[in-house]
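Below is one structure, written out as structure tokens; comments come after it.
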2 protein chains.
Amino acid sequence: MNIWEGCKPFNMLSKKTQYAFHALIHLAENADKGPVLISEIAQEKNISIKFLENILLELKNAGILGSKKGKGGGYYLLKTPKEIPLARIIRLLDGAIALLPCVSLNYYEKCDNCRDEAVCGLHDVMSKVRDATLKLLENKTLKDILTKNVAI
Amino acid sequence: MNIWEGCKPFNMLSKKTQYAFHALIHLAENADKGPVLISEIAQEKNISIKFLENILLELKNAGILGSKKGKGGGYYLLKTPKEIPLARIIRLLDGAIALLPCVSLNYYEKCDNCRDEAVCGLHDVMSKVRDATLKLLENKTLKDILTKNVAI
DNA sequence: AAAAAGTCTATCTTTTTTATAGAGTTTATG
DNA sequence: CATAAACTCTATAAAAAAGATAGACTTTTT
């Protein structure tokens, strides 16, 4: 059961992050209905319920979601969609937003194939890519990826 | 032996692609000296020689490098650095340049967590990220990542 | 003929990703 | 207060990908 089915999807967002986005969208679009069941999100978005559990828990531990146990419980947003930048979610679940460790702002790591980072042309170009990417992902929020209009 | 040592380097260029860039840089900067030995590149750039063999072979099969067997042999560029866009190398060795399969130009794949791609907000944002990335990676070439100045 | 150097194919190991299992805890409510 | 609903936590397993290696083969030079 290969979920990527024949494409070559390297460098992409993990399923974990993709599922997180879809779950957050569902939560935002149903924010008026009180806590939402994990099982409801899983069914609606076609995600393994047990896998989704872990993801929602991570989002909760990061202060993005709240939860309520017991009957009538479920998950809900702790922030408005507008307050949740996409970069926040990606960094939380996938880590660095950069094509090379040596240009990552949050997960920097020295590269060991170049002698001097200061004069590495690769470093320059990849920094530019990172900046262009972050400009979008830090300014676009959950609100921007919603289908329906939701009250702020 | 974890070569990523504690960072969380997902979504990044693979070692294969990174090694390819470093090898190409070395070949460009030594283009005047005739064919360059795999072993020379491996030593200079701190890459496993056997792993590098495979990479150089892929670059050769893609028409980017040429080679000469026997004594005095080695690898050499078939194009000028200016004619080799970075996107070409990444696509060859890593595949798609996109954060989601559904926004990849060269490796498109339908996403199965959203009902309708046409009204998927995620799709819109990720297309913008792809465009911003490609604008850089398709216009920047091997020439732009060289340290030394090399004759065109 | 011998040595140098790339070619090819196969396999192995490690790491990461994805997914699952199951016992535990909290809460609403009849 | 018993019960069921629902999230919590930790561990583990399965699958895929990345990274690396081995060795026999071919071509070329001298």
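Chain letters run A, B, ... following the sequence lines, proteins first, then strands; residues in each count from 1. Please read all numbers here as calculations on a predicted model, not as lab measurements. As a basis for the values below, the full set of heavy atoms in this structure was taken, side chains included, without hydrogen atoms, waters or symmetry mates.
OP1 or OP2 of dT8(D) sits under 4.0 Å from a side-chain N or O of Lys60(A). Contact check, Ser67(A) against dA6(D): no side-chain N or O comes under 4.0 Å of OP1 or OP2. For Ser48(B), a side-chain nitrogen or oxygen approaches OP1 or OP2 of dT21(D) to under 4.0 Å. The side chain of Lys68(B) places an N or O atom within less than 4.0 Å of a non-bridging phosphate oxygen (OP1 or OP2) of dT29(D). Between Tyr19(B) and dA20(D) there is a side-chain N or O to OP1 or OP2 distance below 4.0 Å.
Here the P atom of nucleotide dA20(D) and the CD1 atom of Ile55(B) are 9 Å apart, to the nearest Å. Atom CG of Leu13(A) is separated from atom C1' of dT17(C) by 14 Å (rounded to the nearest Å). The distance from atom NZ of Lys71(A) to atom P of dA6(D) is 7 Å, rounded to the nearest whole Å. When the P atom of dA6(D) is taken as reference, atom CD1 of Ile41(A) falls 13 Å away, rounded to whole Å. Atom CG of Leu59(A) and atom P of dT8(D) are 11 Å apart (whole Å). In this structure, the CD atom of Glu40(A) is 10 Å from the P atom of dC7(D), given to the nearest Å. Atom CG of Leu27(A) is separated from atom C1' of dC7(D) by 14 Å (rounded to the nearest Å). Atom-to-atom, CG of Leu57(A) to P of dG22(C) comes out at 19 Å; the value is rounded to the nearest Å.
Side-chain contacts under 4.5 Å among hydrophobic residues (ILVMFWY), followed directly or transitively, place Tyr76(B) together with Leu78(B).
Considering all non-hydrogen atoms of both residues, Arg88(B) and Ala62(B) come closest at NH2-O, 3.1 Å. Taking every heavy atom of both residues into account, Glu53(B) and Ile38(B) meet most closely at CG-CD1, 3.6 Å. Smallest separation of non-hydrogen atoms from Tyr107(A) and Arg91(A): OH-O, 3.1 Å. Contact detail for Ala96(B) and Met12(A): the closest heavy-atom pair is CB-CE, 3.2 Å.
In this structure, Asn61(B) and Lys16(A) both approach DNA chain C, and ranking their closest nucleotides by distance from the 5' end singles out Asn61(B).
Between dT20(C), dC7(D), dT8(D), one nucleotide has an atom nearer to the side chain of Leu37(A) than all others, and that is dC7(D).
Among the atoms of the strands shown, only primed sugar atoms or phosphate atoms (P, OP1, OP2) are found under 4.0 Å from some heavy atom of Ile38(B).
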Please list each protein N or O that sits under 3.5 Å from an N or O in nucleotides 22-26 of chain D, with the distance.
residue : atom : partner  : partner atom : Å
dG23(D) : N7   : Lys50(B) : NZ           : 3.3
dG23(D) : O6   : Lys50(B) : NZ           : 2.4

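Using modelled atom types, one finds no donor on one side chain facing an acceptor on the other under 3.5 Å when comparing His22(A) with Glu44(A). Side-chain contact check for Thr141(B) and Lys82(B): no donor-acceptor pair (N or O, by modelled atom type) lies under 3.5 Å.
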